[in-house]
Each structure stands twice: as structure tokens, then as C-alpha cells.
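Report on the structure given below.
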Amino acid sequence: MSTAEKPAVPEKPALEGLETKWQRQWEASGTYKFDRAKTRDEIYAIDTPPPTVSGSLHIGHVFSYTHTDVIARFQRMRGKDVFYPMGWDDNGLPTERRVQNYYGVRCDPSLAYDPNFQPPAEPPKQPISISRPNFVELCLRLTREDEKAFEHLWRYLGLSVDWSMTYATIDKRSQRASQTGFLHLLKKNLAYQLEAPTLWDVDFRTAVAQAELEDREREGAYHRLRFDRADADSGAAVEIETTRPELLPACVALVAHPDDERYKPLFGKDVLTPLFRSRVPVRAHALADPEKGSGIAMICTFGDITDVTWWRELSLPVRAVIQPNGTLKPLTWGDAGWESQDAAAAQKAYNEIAGQSTNKARTRIVELLREAGALIGEPRPIMHNVKFFEKGDRPLEIVTSRQWFIKTIEFRPALIERGRQLQWHPEYMRVRYENWVNGLNGDWCISRQRFFGVPFPVWYPLNKDGGIEYARPIVPDQSRLPIDPSVDVPDGFTSAQRGQPGGFAGDPDIMDTWATSSMTPQIAGGWGEDDDLFTRVFPMDLRPQAHDIIRTWLFSTVLRSHLEHNSLPWLHAAISGFVTDPDRKKMSKSKGNVVTPFALLEEHGSDGVRYWAASGRPGGDTVFDPSQMRVGRRLAIKLLNASKFVLAKPEPLGPITEIADRGMLTRLADVVDLATTSLASYDYTPAMEKSESFFWFFCDDYLELVKARRYGDHGEAAAGSANSAMLLALDTLLRVFAPFLPFVTEEVWSWWKSGSVHRAPWPVAREVLGPIGGGDPHAADVLMEGCRVLGEVRKRKSEEKKPLRTPVVSATIRAPQQNLDLLDEVWRDVSASGCFQASPRKEVSETFESVYELGEPEPKQRTPA
RNA sequence: GGGCGGUUAGCUCAGCGGUAGAGCACCGGCUUUACACGCCGGCUGUCACAGGUUCGAAUCCUGUACCGCCCACCA
């Protein structure tokens, strides 16, 4: 299938419509179909990031997914069978939130399923409460719509995905993999359940993981409070500073540094909390910072993570006041755990804040403290960082609840080692991973008190009194997975026994979205259900992703693979940066600076947008820049037109003998080598850049230089040499550009070749140099000298404001001997291209000060051949 | 507080030990038989700053400043 009989070169080639035309053709021909008959070493497997379908796609997605596609296309042309599925992340809170707003509904798990429920056409002001199954149905309905829109965009962008291999993080396969993985961990005692203080979002009313935290700067204030000594004989008081005085009723101790001379005498002694008159000990702990506040802090259950550490390490009692909804719980002072030297006064004070949110309670308790004389001075306003759930609106609290955890902390050294085995692109991103692993302060909490997600495949027996026996979970046989314990019944029970004493109860929680996403290599690779496929693709070759989710997605995937398979999930991680606006801020929906990607693809062409994306180096943030897209579009158009010119004579017409042709191919071979090296090392940017600059040289200098000869001005052999050389160059260039500009290269390829350029072999220098018997650096020097002189002539004509076809009547070329010698060898082409009417005088000179005398341009052109 | 990137022409960036580069923008030309969605030419810089290594530094080392980001037990 060398060349077609007659090339179908359009009269006026254009980019418009190529996206639609070729995405259809690729689908019809199965161009990107994965061939599962191949063995692991013949396969290049990609663990695609499943985009969150409930969010909208923005230009950042187009940017980073293009990078992956460039690599995929390169590897495919290198002969690998590319395993490139697409996933959709439809699991979790973002979907829930979108469904709530889109349909105007709220999930109420206590309601029964209504098979006839249909959401109203317009979301009502007052949300409708619906059952969990109804809610999940709406989630699935909406995500299906979103997924269609995403796929449409991806196809239009030209991602070379095998679209028969999509998965969604909520689908049956994902649920099965997710639940299987969980049960394995449970069996190996690597997953466990614990009632413990947990980071808690009071609006979503769910536990969240450390990886989902973010700091936000908020106003706060230092309040200096006086604690009296409990021993009657001592009047000396202790002063502490706190930003959260409303937690005073939850105070269980004071703490200072063991070496702090100021407080040493107090260690082991008791003090009384103001207002509530609870007796609490003064303790020593190395985490207390003598420089902060007054050097002594109050420990509450629980104000922050440090409180949890102190509480655990000092074996302090629990005195919790924050409820799951963020308000202070009602309680009776004087009861066990709530001892007070003056229960009546404590109760009176507490009643002022009970049931209130932390903010309101804070305001009120400050007034009470002031009245009681326990507030020293006035609160001093400060700005400080407060921990938030990244999707939340109010500061996180710490609430004690029963949650599932995956053991993480004990594997830190092994995980660091895994990170070192992984090849990072760019290399410095490894540091972020190590920072994260080293900073972990607890096991991974994977349970969420939400509705749309993968349920825990666990039931619990109920004892005679109907109490849940958490210590004896009932798990299903693997063959039953996936299951929903709120619907399915454990073996040996009947559904009538649900919730009955002596019966069973399903675990009500769902898994954190990352608990499922951390298994994308297993899900996409068919782990547990198509093990033949799995062994062919796992461990995968590439995980492409952005740097903001190293601590979540990348980390958790490495962890799960380490625990499940004792291996890395992939060999390479390619980390892309962000798209920023011109002020260097990340473009995001919340900042209101996003641009709809589809409009950009239509305006600049997918190839144009991909060109801009490919200019962003791995790991580097890139400015959103439509002018670069225009440059890419121009490049694509230039490819069409140059190809049309080259393909005017689509058959090689003879051996490549002319020196300019040999020089051009020699330079091209260098470009091929460089592009290959750069792409093979995941550094696609130089490949694009060098190919592009060579191509413009090819068009504007080389083609102009040999044009006349190619038209036959110097005989058939000379014309044939040019023709054969430019055909070979075009063939090579189309393949080099194919990963970056898949549409235009495929279009041109179709004019004269059969099959897809994207299945053509990646070019190698040997093939380019074969017809000229190897590289010829001298020929390249000759070519460049010819171009240099041509440049001088053009400059002269431009300065004289004359057309380029203006003849050079006479010339004196001054240059070093070496240059003059080179020029001699290519003079015929230079003379024709520069319109020299006579041979120039040549003078040896160390400087280049040639003189060109211009004549009058010929009024009439010769007719085309 | 610790760390990672970055700082080169108005803009976006390449160069990473040997006389400062590209594209865009801007200005001036040119209907040249592939392309006016084009072509030719021009203008533009104490390579953030300060030291050091070197025959020679944008390039290597040390420090400083600023920008962006990551991490941290921020009472």
C-alpha cells in the first residue's frame, strides 16, 4: 500500500469538518481498538484519569488529556498495542450535590422507594425528600447525560481512546472491584473499624479524610482566659489563650512543655475551668510550644488534631460537646463525665450556649466569661488558617463516630520506597508525594455517611436486644459481589430479619470516592473478572494526572496496589500542570474565569488547541493563550497546503542525487531522532517544537529553493531528485506530527496513502537517510549556505520594496572562502530561486557584505506546466 | 516553619559553560505558477539582584528578593 493511483487532493483544502469526518472514520475502522491478543511486552497500558462528570469539562481537562493522547499515539506508532480506556468518575459527593440542585431533591434514607417518582420539570424552591434508591436513580440518570457530553468532547478533541472500553466509578464493575478489594483488606486485617475522633463536615454530616482537607484563612481571635487553681490554699491563677472559647465545657486538661520552668510546678496539679468549674489536670507534653500564647494550652475534646494527639497520648477522658450537625449538644452538669464544683452554675452558663452553632456559642460565652471576670483583656483579632473539607463551607469539627479505616501509617517506609521505584515526569514531583507520605498522621478513613457511592459489603448481627455487634461483621461470598447491604440479605438470613433482634443490619455507610478511584488500574484492567486481560495490562505503563491529586489519587492507588498486589500499579507517572489565566491564577469554575472548551475547539480547530496544549511541559503550569491556538491552526493549514504542493506529483520520479535534497533529508533525520528521544522520555514539548521549526524551514526555504528545479527547469533527473526528496520528507513529517495534530495529518495521509497514519510506523532516521546512502552533513552545510544567500537577496528586495521575483542583474558575493565553496555546489538552485540573471562576482572576505543590483520585475509570468 | 518549581524582548517561552534565540504582538513591504488562513523584511533585552568558581557564566555554586505551588502538631 505505497501510494494510491491518483491522490484525492482537494482544490482548496480546509480544516473545517475534519474533526467530525475523522472521528467517525476512526470509529468505523476501529483505528484505536485494543487488541487483547497481544502480550504484556507488546502492550502500552494507560490508567486514564476518570473525569468528574458532575463538574463541567474545562480547558484544563483538554490540556492534560491531550498530553496523554500524544503519548498514546506515539506509543501506538512505535508498535505498541495501546490499552487506553476511558473512565467516568460519577461516584460521590459532587454528583449528589449536582443532583440535589438540578432536580431540587434531597435524600432521606428513612423513606421507602417510590417506583413512580418523577422529578418536576423545574426544581422547586423547597427541595423534595426522596428515598435513597430514588435518589441513586436520579444520580445515574444525570451522570449518563453528562457522560455523553464528555464523550462527545473527547472524540471531537481526538483522544485515541478505545470507546468500547469505558467504565464508570459507580458501575457494577467498579463496585465489584472496590468491594473485593475491601474484603481482601478486611481478611488480611488491613481494614478495620473504629469508633474514634474523626474529621467531620457538619454540613454534609460525614467523616472526611486527611487528604480532603484544605486550609483557608479566616478571622479569629485570641481569648485570654483565667483558670483558678483547684487547691483551696493557692490563689494563683493560670492564664491560657484560645481561639475557641466555646469549647471550654469540653476542656479536659491544660498542657505545657515539660521543660517550661513557668509551669513545671503545676504539672500534676489541678485547675478549675472558668464558668463550668470542672477540675482538670495540668499535664506536660513535648508538643506544647512555650512560644505560643501564654505557653500553656487547654486541651478540649476536640478542637483540632493536636487535641486528639494529646488526648490519646495523655490518656485523657472524653468530654465531647459538638454534635454531627455542628451544634453544642444538650447535657446535664453533675452527671458522670460532667463533674463540676458548682453544677448549678455550670448548667446555668451552659444553657446559654446549648443547641447553638459554634459561632453563636462563641459570641455568647465570651460575654459570660467577661461578666464572670475570667476573660483577661479583650479578644485580640487575628487571621489564621482553619481546616476545611475541600468541598465544604464551614470549618471542620472533630466528632467521635464509628468509621472504616485502611492501615496506612505502618506502611509509610514501604510507600516511600514505592515512590522511588516509580518514574516521575517531571522527576521533582516525587517530592510532593514524599512530603505527603511523611506527613500522614493517621490511617485512611474510607467511610462516608452519604448515599451515592459504593456501599460497604458488610452486615452485622443484631443481638437479643437489637444491638449491633460490630465486632462480628458478616461478609458475603465473593461470587455475590457487588452487593448493597441495605437491600441484599446475608446468607443464612431472610429479609424479614432485617433490623430485628437476633437478625441483621446492613452497614449504612458508603466508601469514600477515592477508595474506589484508588483501584482504577484494577477496574479498567478487569481484575477479578477477566484475569486474562488483567495479566496483559497490569502493572500498567502510565498514570497521567495533575499534581493537585498526588496526595489523593496517586497516593491511594499506590497504597492499594502495594497492599493487594505487592507491586507498583504503573511504571511511569506523568504529572501535568494547571492552566492559569494571565494573572497566574489557576483557572477554575469558582473563580469565574473558565472558558468553554467546545467553543475553543470549534474556533481554532482541535489540532490548533492540541498544539497549544502540547506546548505545556510536563508538570508546568501553562497560561491560557488563544494566540498559541491560532498559531497551531496556522500550522495545520500550512500542512494542508504544503502537502497539496508536494503531492502535485505523488510518485517518486527518480533517485535523490541533488545536494540540496540530500542536505534537507539529513536535517530531517536529526529532527526525527530528537523527536523520538523526546517523546520516548515523556518530554513531548521539544518534539513538537523542533518538528515545527523544521517544517517552516522546509516550506519557506527548502521548497522555495528547489521549486524551479522541481518544475523541470533543469531537467528530469534534477526534478525527480527534488520530487522524491519532498515526498519522503512529507511522509516522514506527517508521521512526526501525527501524535500532535491527528486530524490534519490523517486528512493528508488519506490523499495518497491507504490505512491510517495513526497506525503507520513511527519514522526512524535510517529510513529517511536510506535513499541518500546515509547522513550527509556536508550537504546540509551546502543547503544552509544557499539559504543564507537567498536570505540576503530577499532582504535586499524587501528593503527596495520590490517583489521577490525582481531579477538580480548583477551581484558581488563577499564571504569567507569556505562559504563561497559551499555556495558553488548549490548555485543552480540559488540562482533560480533568487532570479539571478548572471553569475555573481565572488570575493573572499571575512565579512558578509554582498552587493545585489536589482532590475525591473518581469511583468508576465510563465504559464504553469 | 520545611520543601518544590519559576524569574530571559511588550506577551508566551526555548536555550542550561563559549559572540543573547523563536513565535506572537508591533512596524514596513510583496497578488511569487501550494498557501493573503500567505510570503519577505525590520524593531525590541544591564538573561531578577548580590557574591563566588572559571580563560570565559543566562547557563555551575552560595545567598537575597519576588511569583506560584506542596507540606507541617498555625493553642
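So you know, we letter chains A, B, ... as the sequences are listed, proteins then strands, and number each from 1. What you see below is based on every heavy atom in this structure, not just the backbone, and it leaves out hydrogens, waters and symmetry mates. This one's a predicted model, so the numbers in the text were calculated from it and none came from an experiment.
Residue contacts shown for A:Gly619 are absent, as no nucleic acid heavy atom lies under 4.0 Å away. Contact annotation for A:Asp304: no contact, since no heavy-atom pair falls under 4.0 Å across all strands. When heavy atoms are screened at a 4.0 angstrom cut-off, A:Glu689 is found touching the sugar-phosphate backbone but no base atom. Heavy atoms of A:Lys292 sit under 4.0 angstrom from at least one base atom. Within 4.0 Å of A:Ala288, counting heavy atoms only, lies at least one base atom of the nucleic acid. The residue A:Glu792 sits apart from the nucleic acid: no heavy atom pair falls under 4.0 Å. Within the 4.0 angstrom heavy-atom criterion, only backbone atoms of the sugar-phosphate kind lie near A:Trp696; the bases stay farther away. Among the protein residues, A:Lys707 comes within range of the nucleic acid bases, having at least one heavy atom under 4.0 Å from a base atom. At a threshold of 4.0 angstrom between heavy atoms, the contacts of A:Cys835 with the nucleic acid are absent. Counting any heavy atom pair closer than 4.0 Å across all strands shown, A:Asp700 reaches sugar-phosphate atoms only and no base atom. Within 4.0 Å (heavy atoms only), A:Thr306 reaches sugar-phosphate atoms of the nucleic acid but no base atom. Residue contacts for A:Lys387: at a heavy-atom cut-off of 4.0 Å it reaches a base atom on one of the strands shown. Within the 4.0 angstrom heavy-atom criterion, only backbone atoms of the sugar-phosphate kind lie near A:Arg617; the bases stay farther away.
Comparing atom distances between the A:His547 side chain and each of B:C37, B:C35, B:C69 picks out B:C69 as nearest. You'll find that the side chain of A:Lys12 is closest to B:A36, out of B:A75, B:A36, B:U32.
Here the separation of B:G56 from B:G18, taken at their C1' atoms, is 7 Å to the nearest Å. Atom name P, nucleotides B:G2 and B:C73: the rounded distance is 16 Å, in whole Å. The C1' atoms of B:A58 and B:C47 are separated by 4 Å, rounded to the nearest whole Å. B:U54 sits 36 Å from B:C13 when the P atoms are compared, rounded to a whole Å. Atom name C1', nucleotides B:A20 and B:G45: the rounded distance is 8 Å, in whole Å. B:C26 and B:G21 have their P atoms separated by 24 Å, with the value rounded to a whole Å. Nucleotides B:C49 and B:G41 place their P atoms 33 Å apart, quoted to the nearest Å. B:G6 and B:U62 have their P atoms separated by 14 Å, given to the nearest Å.
Under 4.0 angstrom from either OP1 or OP2 of B:A75 there lies at least one side-chain N or O belonging to A:His384. Side-chain N/O atoms of A:Lys795 include one lying less than 4.0 angstrom from OP1 or OP2 on B:G42. Within the structure, a side-chain polar atom (N or O) of A:Asn441 is placed less than 4.0 Å from OP1 or OP2 of B:C73.
Between the CD atom in A:Glu390 and the NZ atom in A:Lys387 there is a gap of 12.5 Å [rounded to 0.5 Å]. From A:Asp607, atom CG reaches atom CH2 of A:Trp612 across 15.0 Å, with rounding to the nearest 0.5 Å. Here A:Tyr433 contributes atom OH and A:Ile550 contributes atom CD1; the two are 10.5 Å apart, rounded to the nearest 0.5 Å. The line from CG of A:Asp307 to CZ of A:Arg312 is 12.0 Å long, rounded to the nearest 0.5 Å. One finds the CG atom of A:Leu790 at 4.0 Å from the OG atom of A:Ser833 (value rounded to the nearest 0.5 Å). Distance CG/A:Asp215 to CZ/A:Phe388: 9.5 Å, rounded to 0.5 Å.
Of the possible polar contacts, one joining the A:Ser750 side chain to the A:Glu747 backbone as a donor-acceptor pair under 3.5 Å is found. Within the 3.5 Å criterion, the main-chain N or O of A:Phe737 finds no donor-acceptor partner in the side chain of A:Ser691. With hydrogens and angles ignored, the 3.5 Å screen pairs no side-chain donor or acceptor of A:Thr847 with any backbone N or O of A:Glu849. In this structure, A:Thr243 contributes its side chain and A:Tyr222 its backbone to no donor-acceptor pair below 3.5 Å.
One interatomic measurement links the two molecules: CD1 of A:Ile398 to P of B:C73, which rounds to 11 Å at whole-angstrom precision. Atom CG of A:Leu804 is separated from atom P of B:C30 by 11 Å (rounded to the nearest Å). Atom CD in A:Glu291 sits roughly 14 Å away from atom C1' in B:C74 (whole-Å rounding). Protein atom CZ of A:Phe302 is 16 Å distant from nucleotide atom C1' of B:A75, rounded to whole Å. Atom CZ in A:Phe624 sits roughly 15 Å away from atom C1' in B:C11 (whole-Å rounding). In this structure, the CZ atom of A:Arg551 is 9 Å from the C1' atom of B:C71, given to the nearest Å. For the pair A:Leu639 CG and B:G38 P, the interatomic distance rounds to 13 Å; values are reported in whole Å. Here B:C67 presents its C1' atom at 16 Å from CZ of A:Phe578, a figure rounded to the nearest Å.
For a distance-only test at 3.5 Å, the side chain of A:Thr580 fails to qualify as a donor-acceptor partner of the base of B:G68. In terms of polar N and O atoms assigned as donor or acceptor, the side chain of A:Lys638 comes within less than 3.5 Å of the base of B:C35 in a complementary pairing. You won't find any donor-acceptor pair under 3.5 Å spanning the side chain of A:Asn435 and the base of B:C4, going by distance alone.
For RNA chain B, the residues of residues 239-251 of chain A within the heavy-atom distance limit of 4.0 Å (strictly under) are A:Glu241, A:Thr242, A:Thr243, sorted by number.
B:G63: Watson-Crick or G-U partner is B:C49, with both key distances under 3.5 Å. Across all strands shown, B:G68 forms a Watson-Crick or G-U wobble pair with B:C4, both key distances being under 3.5 Å. A 3.5 Å limit on both hydrogen-bonding distances identifies B:U12 as the Watson-Crick or G-U partner of B:A22. Nucleotide B:G38 is matched to B:C30 when pairs are restricted to Watson-Crick or G-U wobble geometry with both distances under 3.5 angstrom.
Between A:Trp444 and A:Ser556 the shortest heavy-atom distance is CH2-CB, 3.5 Å. Among all heavy-atom pairs drawn from A:Leu554 and A:Ala573, the shortest one is CD1-CB, 4.0 Å.
For the pair A:Tyr428 and A:Arg794, both in contact range of RNA chain B, the more 5′-proximal nearest nucleotide belongs to A:Tyr428. Where A:Ser615 and A:Arg432 each meet RNA chain B at their nearest nucleotide, the meeting point lying more 5' is that of A:Ser615.
Using a 30° and 60° split on the angle between ring planes, A:His67 and A:Phe63 fall in the perpendicular class, above 60°.
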Distances under 3.5 Å between protein N/O atoms and the N/O atoms of nucleotides 20-26 of chain B, please, pair by pair.
| residue | atom | partner | partner atom | Å |
| --- | --- | --- | --- | --- |
| B:C24 | OP1 | A:Arg634 | NH1 | 3.2 |
| B:C24 | OP1 | A:Arg634 | NH2 | 2.9 |

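None of A:Leu375, A:Ile365, A:Ile240, A:Leu248 except one satisfies the side-chain contact (heavy atoms from CB on, under 4.5 Å) rule with A:Pro274; the exception is A:Leu248.
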